[in-house]
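So that we are looking at the same thing, I have put the structure below in structure tokens.
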Amino acid sequence: MFLVWGDNTLARRLASELINTYAVPVTVIVRSADADQAPDIADLEPDTGDPDLRPVLVAAARLTPDVLVRAGVAEANAVALVERDDVANVDAAMMVRELNPTARIVVRVFNPILAQGVTAMLGDCDVLSGSEIAAPAFVAAALGDDVPTYVRLTDQFLVTAHRSEQPDPDDVVCGLAVLDGRAEPETLPADDAAADLLLVRRYGEPPRPAARPARLPLRVTRLVLGRRRLRYALAGVAALLFVSTALLAHLRDLNLWEAGYLAAVTALGGIEGEVTGGAVEHVVLVTLGLAGVALVPFVTVLVVEAVVTARLALASGALTRPVADHVVIVGLGNVGTRVLRELHGFGVDVVCVDRSPDARGVAVARELGVPVIIANGNSAETLRAASVATARALLVLSTDDVSNLETALLGRALHGGRLRVVLRLYDEGFARRVKRTFDIDLSRSVSYLAAPAFAAALFGREVIDAIPVGRRVLLVAELPVGAGSELEGRLCPEVDRPNEVRLVAVRTGRIGQTLWTVPERRRLVRTDRLIVVATRAGLAGLLARTRPNPDAAPLPEPQPLRLLARPHPATGSDAP
């Protein structure tokens with residue numbers, strides 16, 4: 001039995017994944033049977049029609065040890081804690097470990113420092129972040145083919161590439177999908193030569209984060225000089241000094257340096273009181289004096305205003321310069337924050353919008369020097385302030401489907417052209433209707449992208465990364481070959497299943513070697529670990545094929561090394 005705590009969209013997707021993909025019974029703890037996603041969880045029907053697989057709901061306003069006992073935590077094989085609160089999830093994990101020392105625990109945590117501590121403290125525990133899993137899919141949807149998806153492996157650097165890029169055939173790991181303008185791509189085709197999207201090896205390092213913005217004094221100077229009225233005033237002063245210098249040099253027979261010095265001193269209030277010289281010279285000096293009296297305070301006011309405005313703009317994080325070909329992110333929650341970091345790492349200009357100054361990503365954006373506008377995203381004034389008219393893409397990542405659609409339609413209208421819009425939508429039916437009605441095809445669901453990774457983690461299998469392919473997702477996972485499992489003793493190519501599973505590499509446990517070129521005649525042993533790319537259904541099937549058999553014979557003990565005896569050359573007796 002598997003236990004899930006949460007009444008949000010991820011809890012619902014996870015329960016559905018466990019029931020329909022893995023066919024295991026699930027008990028879900030919710031705050032109220034009538035609130036949030038609890039009614040939808042209760043209505044989940046197994047695809048097989050097996051009534052024993054319908055989820056069991058336990059309602060409790062607060063999670064306590066008594067509630068966990070009532071939900072059957074003592075008999076649970078694994079527990080998923082997927083509430084939105086990091087601290088509540090960690091507290092729940094500690095309670096679960098006290099009540100069931102052997103259960104596998106999977107915890108949803110956003111904070112990476114907290115995640116490391118939880119993993120070290122609770123033993124058989126995995127910590128995942130739904131936003132971290134989903135963020136690459138949103139980035140890929142926003143930038144299209146401009147930015148590849150990177151697969152994070154400890155000893156290899158893999159990246160997606162299109163066949164049109166003509167990668168080296170020796171670097172191609174496998175074919176990921178046949179796109180070919182299809183509405184629904186064919187994933188993991190049997191023939192790699194037919195695939196348009198490939199997984200290839202890359203050498204070197206992934207792209208580093210973009211350089212930090214200029215220091216405050218330099219940025220203030222740029223903003224001050226960028227103000228139009230101040231530029232016009234400074235240009236007027238310069239023109240007046242230039243003309244006056246030329247006239248004084250001619251009238252008094254001075255060189256340019258002397259004439260310029262006299263003009264500047266006169267303009268700054270040092271007008272001469274002598275009556276020598278001609279009328280034209282007097283007019284020039286008086287004009288300079290009067291212009292200095294008028295212009296110096298005016299320029300001073302403009303400079304002070306520009307400096308104060310610039311500093312206020314920088315302090316608030318607002319947009320301080322015209323931008324184009326940037327990405328506008330509306331919504332700086334967990335997902336928006338992860339997407340912001342990824343785009344910034346690729347060196348893409350970003351402008352952020354959120355209605356709350358306390359949103360998680362606001363502080364991150366200001367730390368990175370990214371402009372932030374604190375206002376409602378579904379406002380024309382706000383989107384104009386974010387320069388959506390010159391943007392390359394608009395990502396709408398709040399948790400309200402209707403508000404997201406409203407913002408997307410408004411942004412596309414203000415852009416006037418073919419703005420690339422990516423929506424965060426939970427409801428699949430709503431997403432399909434949006435596609436048909438408004439021709440917005442780029443929608444993503446965080447729970448849909450993250451649920452397969454959480455489900456696999458409950459079975460002790462590590463999902464390394466997710467590769468978005470359209471609205472689908474391919475999972476990169478590492479699985480051990482269980483003792484006595486169906487795959488033990490089979491040839492490596494027998495792992496592959498067209499359109500479901502593709503074996504990428506084999507880690508050999510005894511010597512710590514990774515075989516990145518999979519040998520065709522090598523047989524799998526129980527110390528091997530498989531690195532695969534799989535669909536959700538393919539990963540579930542592979543889990544069953546690698547599941548250990550409790551009746552399997554134990555691994556034989558390694559025999560001690562023995563030295564062979566050979567005759568001694570002098571005596572003829574055996575000697576080592």
Practice item. Mind listing the closest non-hydrogen atom pair of W5 and N89 along with its distance? Key: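 It is CZ3-OD1, 3.5 Å.
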**Study point:** Shortest non-hydrogen separation from A76 to A103 and the atoms involved
**Key:**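 Where A76 meets A103 most closely, the heavy atoms are O-CB, 3.7 Å.
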Exercise for review: Could you note down all residue pairs passing side chain to side chain donor-acceptor pair (under 3.5 Å) where residues 56-67 supplies at least one of them, sequence neighbours left out?
Suggested key: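 For residues 56-67: none.
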Review point. Who pairs with A451 by side-chain contact (heavy atoms from CB on, under 4.5 Å), at least two apart in sequence or on another chain?
Key: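 Partners of A451 by the side-chain contact (heavy atoms from CB on, under 4.5 Å) criterion, ordered by chain and then number, come out as L10, R13.
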Exercise for review: Carefully, step by step, assess V330 and L394 under the rule side chain to side chain contact (heavy atoms under 4.5 Å, CB included).
Suggested key: CA-CA 8 Å; V330 178; L394 170 64; 3.9 Å; yes
Exercise for review: Measure the spacing between CG of L57 and CG of L44 and express it to the nearest 0.5 Å.
Suggested key: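 It is 9.0 Å, given to the nearest 0.5 Å.
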Point to revise | Polar side-chain atom of R507 near backbone of I531 as donor-acceptor pair, under 3.5 Å | key: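 Between the backbone of I531 and the side chain of R507 there is no qualifying donor-acceptor contact (under 3.5 Å).
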Point to revise | Donor-acceptor contact present, side-chain D40 to main-chain R12, <3.5 Å | key: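 Not a single qualifying donor-acceptor pair exists.
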Check your understanding: What are the two closest non-hydrogen atoms of M1 and G72, and how far apart are they?
Key ->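 Scanning both residues, the minimum pair turns out to be CE-O, 3.2 Å.
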Review point. Please walk me through it: do V495 and V501 pass side chain to side chain contact (heavy atoms under 4.5 Å, CB included)?
Key: CA-CA 7 Å; V495 175; V501 178; 4.2 Å; yes
Review point. Is the closest side-chain heavy-atom distance between L158 and R201 below 4.5 Å?
Key: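 In short, these two side chains touch, coming nearer than 4.5 Å.
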Point to revise | Side chain R97, main chain N100, donor-acceptor under 3.5 Å | key: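 Such a contact is found between R97 side chain and N100 backbone.
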Review point. With distance as the sole test, does D7 use its side chain to make a donor-acceptor pair with the main-chain N or O of S32 at under 3.5 Å?
Key: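 No.
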Review point. So, do T390 and H326 sit near enough that their side-chain heavy atoms are less than 4.5 Å apart?
Key: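 Yes, side chains in contact.
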Practice item. Quick one: do T535 and N499 satisfy side chain to side chain contact (heavy atoms under 4.5 Å, CB included)? Show the steps, please. Key: CA-CA 8 Å; T535 63; N499 305 121; over 6 Å; no
Point to revise | Check: D354 side chain, L332 main-chain N or O, donor-acceptor pair, under 3.5 Å | key: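 Pair found, side chain donor or acceptor close to backbone of L332.
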Exercise for review: For residues V350 and H344, determine if any side-chain heavy atom of one lies less than 4.5 Å from a side-chain heavy atom of the other.
Suggested key: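 Answer no - side chains too far apart.
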Check your understanding: Given side chains that start at C-beta, do those of L53 and P25 come closer than 4.5 Å, heavy atoms only?
Key ->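 A side-chain contact under 4.5 Å exists here.
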Review point. Which pair of heavy atoms, one from V504 and one from V173, lies closest together, and at what distance?
Key: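 That would be CG1-CG1, 3.3 Å.
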**Study point:** R392 side chain reached by V348 side chain, heavy atoms, under 4.5 Å
**Key:**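 Yes, their side chains come closer than 4.5 Å.
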Point to revise | side chain to side chain contact (heavy atoms under 4.5 Å, CB included) partner of L199, the single match among L176, V476, L474, D192 | key: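 Exactly one candidate clears the test, L176.
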Exercise for review: Output, in order, the C-alpha distance, side-chain angles, deciding distance and verdict of side chain to side chain contact (heavy atoms under 4.5 Å, CB included) for L410 and V388.
Suggested key: CA-CA 10 Å; L410 184 58; V388 74; over 6 Å; no
Review point. Between CG of N8 and CD of E83, what distance do you get to the nearest 0.5 Å?
Key: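 If we round to the nearest 0.5 Å, N8:CG and E83:CD are 5.5 Å apart.
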Review point. When rounded to the nearest 0.5 angstrom, what distance separates CE in M95 from CG in L81?
Key: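 Spacing of CE (M95) from CG (L81) equals 8.5 Å.
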**Study point:** Selection residues 445-458 - residue pairs positive for salt bridge (charged side-chain N to carboxylate O under 4.0 Å, His left out), sequence neighbours left out
**Key:**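 For residues 445-458, and leaving out neighbouring residues, there are no salt bridge (charged side-chain N to carboxylate O under 4.0 Å, His left out) pairs at all.
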Point to revise | ring-ring contact (aromatic ring centres under 6.0 Å, His included) pairs, two or more places apart, involving residues 13-52 | key: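 Matches after skipping sequence neighbours: Y22-F459.
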**Study point:** D401 and S403 side chains, donor-acceptor separation under 3.5 Å
**Key:**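 No, no side-chain donor-acceptor pair sits under 3.5 Å.
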Check your understanding: Taking only residues two or more places apart in sequence, or in another chain, which ones meet T9 in a side chain to side chain donor-acceptor pair (under 3.5 Å)?
Key ->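 With sequence neighbours excluded, T9 shows a side chain to side chain donor-acceptor pair (under 3.5 Å) to no residue whatsoever.
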Practice item. Say whether, by atom type as modelled, one donor and one acceptor occur between the side chain of T546 and the main chain of L543 under 3.5 angstrom. Key: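 A pair under 3.5 Å: yes.
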Check your understanding: Looking only at heavy atoms, what is the nearest atom pair of A177 and P185, with distance?
Key ->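 Minimum heavy-atom contact is CB-CB, 4.4 Å.
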Check your understanding: D126 versus F454: any side-chain heavy-atom pair under 4.5 Å?
Key ->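 Side-chain contact under 4.5 Å: no.
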**Study point:** Value rounded to 0.5 Å, distance of CG in L458 from CD1 in I105
**Key:**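 Here the rounded value is 10.5 Å.
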Exercise for review: Answer yes or no: is there a donor N or O on one side and an acceptor on the other, between the side chain of D196 and the main chain of L179, under 3.5 Å?
Suggested key: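 Yes.
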Practice item. Nearest 0.5 Å please: distance from the CG atom of L198 over to the NE2 atom of H162. Key: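 Rounded to the nearest 0.5 Å, the CG-NE2 separation comes out at 9.0 Å.
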Exercise for review: Answer yes or no: is there a donor N or O on one side and an acceptor on the other, between the side chain of R424 and the main chain of L397, under 3.5 Å?
Suggested key: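 Yes; at least one donor-acceptor contact below 3.5 Å.
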Point to revise | N378 (side chain) donor-acceptor with T407 (main chain) under 3.5 angstrom | key: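 Not confirmed, N378 side chain does not pair with T407 backbone.
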Point to revise | Minimum side-chain heavy-atom gap R54-I19 below 4.5 Å | key: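 R54 does not reach I19 side chain to side chain.
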Review point. Are side-chain heavy atoms of E165 and V200 found at a separation under 4.5 Å?
Key: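 A side-chain contact under 4.5 Å is absent here.
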Practice item. Taking all non-hydrogen atoms of both residues into account, name the closest pair between T382 and G377 and its distance. Key: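 That closest heavy-atom pairing would be CG2-CA, 4.4 Å.
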Review point. Which distance, rounded to the nearest 0.5 Å, do you find between the CG of L503 and the SG of C174?
Key: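 It is 9.5 Å, given to the nearest 0.5 Å.
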Side chains of residues 333-341: which donor-acceptor pairs under 3.5 Å do they make with residues two or more places apart or in other chains?
residue: N334; atom: OD1; partner: R360; partner atom: NE; Å: 2.5
residue: T337; atom: OG1; partner: G333; partner atom: O; Å: 2.7
residue: T337; atom: OG1; partner: G361; partner atom: N; Å: 3.3
residue: R338; atom: NE; partner: S131; partner atom: OG; Å: 3.4
residue: R338; atom: NH2; partner: F110; partner atom: O; Å: 2.8
residue: R338; atom: NH2; partner: S129; partner atom: OG; Å: 3.4

Review point. Does any N or O in the side chain of R108 come within less than 3.5 Å of the main-chain N or O of A80, such that one atom is a donor and the other an acceptor?
Key: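 Flag not set: sc R108 to bb A80 has no pair under 3.5 Å.
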